[in-house]
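Letters A, B, ... are given to chains in the order of the sequence lines, protein chains preceding strands, and every chain is numbered from 1.
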2 protein chains.
Amino acid sequence: MILNLDPRSNTPIWEQVVHQIKELILREILLPEEKLPSVRELSGTLLINPNTVSKAYQELERQGIIETLRGKGTFVSASIIPKADDQKIMELKQQLKQLFIEASYLGIDHQTLSKWLKNYSEELGGKDNHAESE
Amino acid sequence: MILNLDPRSNTPIWEQVVHQIKELILREILLPEEKLPSVRELSGTLLINPNTVSKAYQELERQGIIETLRGKGTFVSASIIPKADDQKIMELKQQLKQLFIEASYLGIDHQTLSKWLKNYSEELGGKDNHAESE
DNA sequence: ATAAGTGTACTATACACAGTAATACACACA
DNA sequence: TGTGTGTATTACTGTGTATAGTACACTTAT
């Protein structure tokens, strides 16, 4: 598995791993029940510390996205149920608001942002996107 | 000036100050040419270090949003011109993509996000919203 | 001139966290 | 038994935030 990591980014490496694996699952490149690379293997290919990979896997498991079986490996969860965590939704809205403000100062209006969102939806969310009938 | 700061947030205090002042300007609570509180005054009311306020002001000036006059004070820029910085736009799109992914795992679709964006636009962007002729 | 108020610069310190490194442990499976 | 899993622990380094204190340059009003 090859991920795009930026050591100079301000977002921690383990968080970048979390983000990109979630994206791979959304894109259905990683399928339910599929086995992920071992901690040591992935740390080898990504040239990062095993502890960093472990931290990413633990965070993904905490979110219910992957499951780990001691001695066997880590696997994509069979069914990923979207959790309507109110706390996280509030944080997301706050983040969206901040993003809108930054966009405003770049001369980008909300309609353009919505258009981009729609593109991302078509590009990534081919799964439960209710798009089959379109 | 009263801002809502969260010392336990992972975003630095000076960055929170930057964000909230940008929002106040968008809301037209802070008007062009208006004087901002002095570094020492704001650090007093916010109970933070003057250096932290100074860092926020310097970042705002770097973005062309405020202007500082030595010995006189800091003021909101007379005209804030949206700069179409390609680099920043790319970062914004990346951030929006990540936000969409997180939303997907919370069961929120792109249409809901667009609706929220529209709300923010009406709530905040009453200024140069090209809404005069519409 | 003098004083007060402005932003700025500099050094030092404390603290938290990311990341690395090395090691050891518990479990599954052939 | 041996190899490959994930996990836990400890120590160390580096980076960045924030605080604290001090000093400087400038503007304005007295």
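Screening B:Lys22, B:His19, B:Gln20 for a side chain to side chain contact (heavy atoms under 4.5 Å, CB included) involving A:Ile101 leaves a single residue, B:Lys22.
The hydrophobic cluster containing B:Leu69 does not contain B:Ile66, counting ILVMFWY residues as joined when their side-chain heavy atoms lie under 4.5 angstrom apart, directly or transitively.
Across the protein-nucleic acid pair, A:Gln16 atom CD and C:dA18 atom C1' stand 12 Å apart, rounded to whole Å. Across the protein-nucleic acid pair, B:Asn10 atom CG and C:dA18 atom P stand 9 Å apart, rounded to whole Å. The distance between atom CH2 of B:Trp14 and atom P of C:dT8, rounded to the nearest whole Å, is 15 Å. We find that CG of B:Leu5 is positioned 16 Å from P of D:dT17, with the value rounded to whole Å. Summarising the geometry, the separation between CG on A:Leu36 and P on D:dG6 is reported as 9 Å, rounded to the nearest angstrom. We find that CZ of B:Arg8 is positioned 15 Å from P of D:dA18, with the value rounded to whole Å.
Remark: B:Leu31 CG is packed, more than 12 non-hydrogen atoms of other residues, nucleotides or ligands lying under 6.0 Å away.
Pairs engaging residues 86-96 of chain A under the side chain to side chain donor-acceptor pair (under 3.5 Å) rule: A:Gln87-A:Glu91 [sequence neighbours left out]. The stretch residues 64-76 of chain A participates, sequence neighbours left out, in these side chain to side chain donor-acceptor pair (under 3.5 Å) pairs: A:Glu61-A:Thr68.
The nucleotide whose nearest atom lies closest to any side-chain atom of A:Asn51 is, among C:dA21, C:dA9, D:dA18, C:dA21.
Atom CG of B:Asn119 sits about 10.0 Å away from atom CG of A:Leu96, to the nearest 0.5 Å.
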Please set out all donor-acceptor pairs under 3.5 angstrom arising from side-chain atoms of residues 46-59 of chain B, sequence neighbours excluded.
unit_1	atom_1	unit_2	atom_2	d
B:Asn49	OD1	B:Asn51	N	2.9
B:Asn49	OD1	B:Asn51	ND2	3.4
B:Ser54	OG	B:Gln58	NE2	3.1
B:Tyr57	OH	B:Pro37	O	2.7
B:Glu59	OE1	B:Arg62	NE	3.1
B:Glu59	OE2	B:Arg62	NH2	3.0
B:Glu59	OE2	B:Gln63	NE2	2.7

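Near-neighbour residues of DNA chain D inside residues 53-73 of chain B, defined by a heavy atom below 4.0 Å, number-ordered: B:Lys55, B:Arg70, B:Gly71, B:Lys72. Across residues 38-49 of chain B, B:Arg40, B:Ile48, B:Asn49 each have a non-hydrogen atom less than 4.0 Å from an atom of DNA chain D (numbered order).
Residues passing the side chain to side chain donor-acceptor pair (under 3.5 Å) test with B:Lys118, sequence neighbours excluded: B:Glu122.
The two residues B:Gln16 and B:Thr11 come nearest to each other via the heavy atoms NE2-O, 2.9 Å.
OP1 or OP2 of C:dT20 has at least one side-chain nitrogen or oxygen of A:Thr52 nearer than 4.0 Å.
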